[in-house]
Amino acid sequence: MTATILTVDDSASIRLTTRVALSNAGYQVTEAVDGLDGISKLKAGQFDLIVTDLNMPNMDGLTMIRELRKMPAHMGVPVIFLTTESDNDLKQQAKAAGATGWLTKPFDPESLVKIVRKVLGK
C-alpha cells in the first residue's frame, strides 16, 4: 500500500519540489497551503506522515501540530518540519509539540525522501 503524505507550505515552489520528490519516490501526496488548510485536510482524511513548514500565514506549523495532536485519529502521525529556521529553541518547541524530524531549507529532495523513508520505516 502506498503511504500518503500531507505537505503543508505557503510557498508554491516548495510544494512543487516536495510533491515531485515524494511522488517520484512512490508516495501519494496531498498539499495544503497553510496550517488551517492542513487541519482541514487532516479532518477529511488519514495520512501516514506530515511534512510542514514552520512560518506560514493563518496558522503556523507549531500551532498546527499542537492542534493535530488533540485529534485522536492523528495523535501518532509523524511530522517532519521543513523550514528555513535552524534555531535550537524552536527545534525544542517543535519536539515538545510532537514533531518527529527537522529538515532545513534549502533542502536536497533526496534528503527529504531519505528522512521520509526512515520515519515511515519503508
What is the distance from atom [atom1] of [X] to atom [atom2] of [Y], rounded to the nearest 0.5 Å?
| X | Y | atom1 | atom2 | result |
| --- | --- | --- | --- | --- |
| Asn88 | Gln93 | CG | CD | 11.5 Å |
| Phe81 | Ile65 | CZ | CD1 | 3.5 Å |
| Ile39 | Lys43 | CD1 | NZ | 7.0 Å |
| Leu103 | Leu82 | CG | CG | 5.5 Å |
| Asp60 | Leu36 | CG | CG | 10.0 Å |

Subject >> Non-neighbouring partners of Lys70 that pass salt bridge (Lys or Arg N to Asp or Glu O under 4.0 Å), sequence neighbours left out >> reply: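 For Lys70, the residues satisfying salt bridge (Lys or Arg N to Asp or Glu O under 4.0 Å) (neighbours in sequence not counted) are Glu67.
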
- Task: Could you tell me which residues satisfy side chain to side chain donor-acceptor pair (under 3.5 Å) with Thr4, sequence neighbours excluded, listed by chain and number?
- Result: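 Applying side chain to side chain donor-acceptor pair (under 3.5 Å) to Thr4 gives Asp48.
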
Subject >> For Asp87, all residues meeting side chain to side chain donor-acceptor pair (under 3.5 Å), sequence neighbours excluded >> reply: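 Partners of Asp87 under the side chain to side chain donor-acceptor pair (under 3.5 Å) test: none.
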
- Query: Does the side chain to side chain contact (heavy atoms under 4.5 Å, CB included) test come out yes or no for Asp37 and Val8, once each step is laid out?
  - Reply: CA-CA 8 Å; Asp37 190 27; Val8 187; over 6 Å; no

Does the side chain of [Y] come within less than 4.5 Å of [X]'s, by heavy atoms?
| X | Y | answer |
| --- | --- | --- |
| Met59 | Arg66 | no |
| Val79 | Arg69 | yes |
| Ile50 | Leu68 | yes |

Scan for salt bridge (charged side-chain N to carboxylate O under 4.0 Å, His left out) pairs involving residues 92-111, sequence neighbours excluded, and state none if there are none.
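Pairs touching residues 92-111 that pass the test: Asp9-Lys105, Asp53-Lys105.
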
Check your understanding: Which pairs, with at least one residue in residues 10-30 and sequence neighbours excluded, count as a salt bridge (charged side-chain N to carboxylate O under 4.0 Å, His left out)?
Key ->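 For residues 10-30: Arg15-Glu31, Arg19-Glu31.
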
Can you tell me which residue among Thr100, Val51, Leu120, Ile80 is in a side chain to side chain contact (heavy atoms under 4.5 Å, CB included) with Ile115?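 Only match with Ile115 under side chain to side chain contact (heavy atoms under 4.5 Å, CB included): Ile80.
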
- Test side chain to side chain contact (heavy atoms under 4.5 Å, CB included) applied to Leu49 and Leu22, Val116, Thr7, the passing residue: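 Among Leu22, Val116, Thr7, the one meeting side chain to side chain contact (heavy atoms under 4.5 Å, CB included) with Leu49 is Val116.
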
Can you see which heavy atom on [X] is nearest to which on [Y], and at what distance?
| X | Y | answer |
| --- | --- | --- |
| Pro109 | Thr17 | CG-CG2, 4.1 Å |
| Val29 | Ser23 | CG2-OG, 3.9 Å |
| Met56 | Gly35 | CE-N, 3.7 Å |
| Pro57 | Asp34 | O-CB, 3.3 Å |
| Phe47 | Ile5 | CD2-C, 3.9 Å |

Remaining members of the apolar cluster that contains Val20, side-chain heavy atoms under 4.5 Å: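 Direct or chained contacts put Val20 with Leu16.
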
Taking a hydrophobic cluster as the set of Ile, Leu, Val, Met, Phe, Trp and Tyr residues connected by side-chain heavy atoms closer than 4.5 Å, whether directly or through intermediates, do [X] and [Y] fall within one such cluster?
| X | Y | value |
| --- | --- | --- |
| Trp102 | Val77 | yes |
| Val33 | Met64 | no |
| Tyr27 | Val119 | yes |

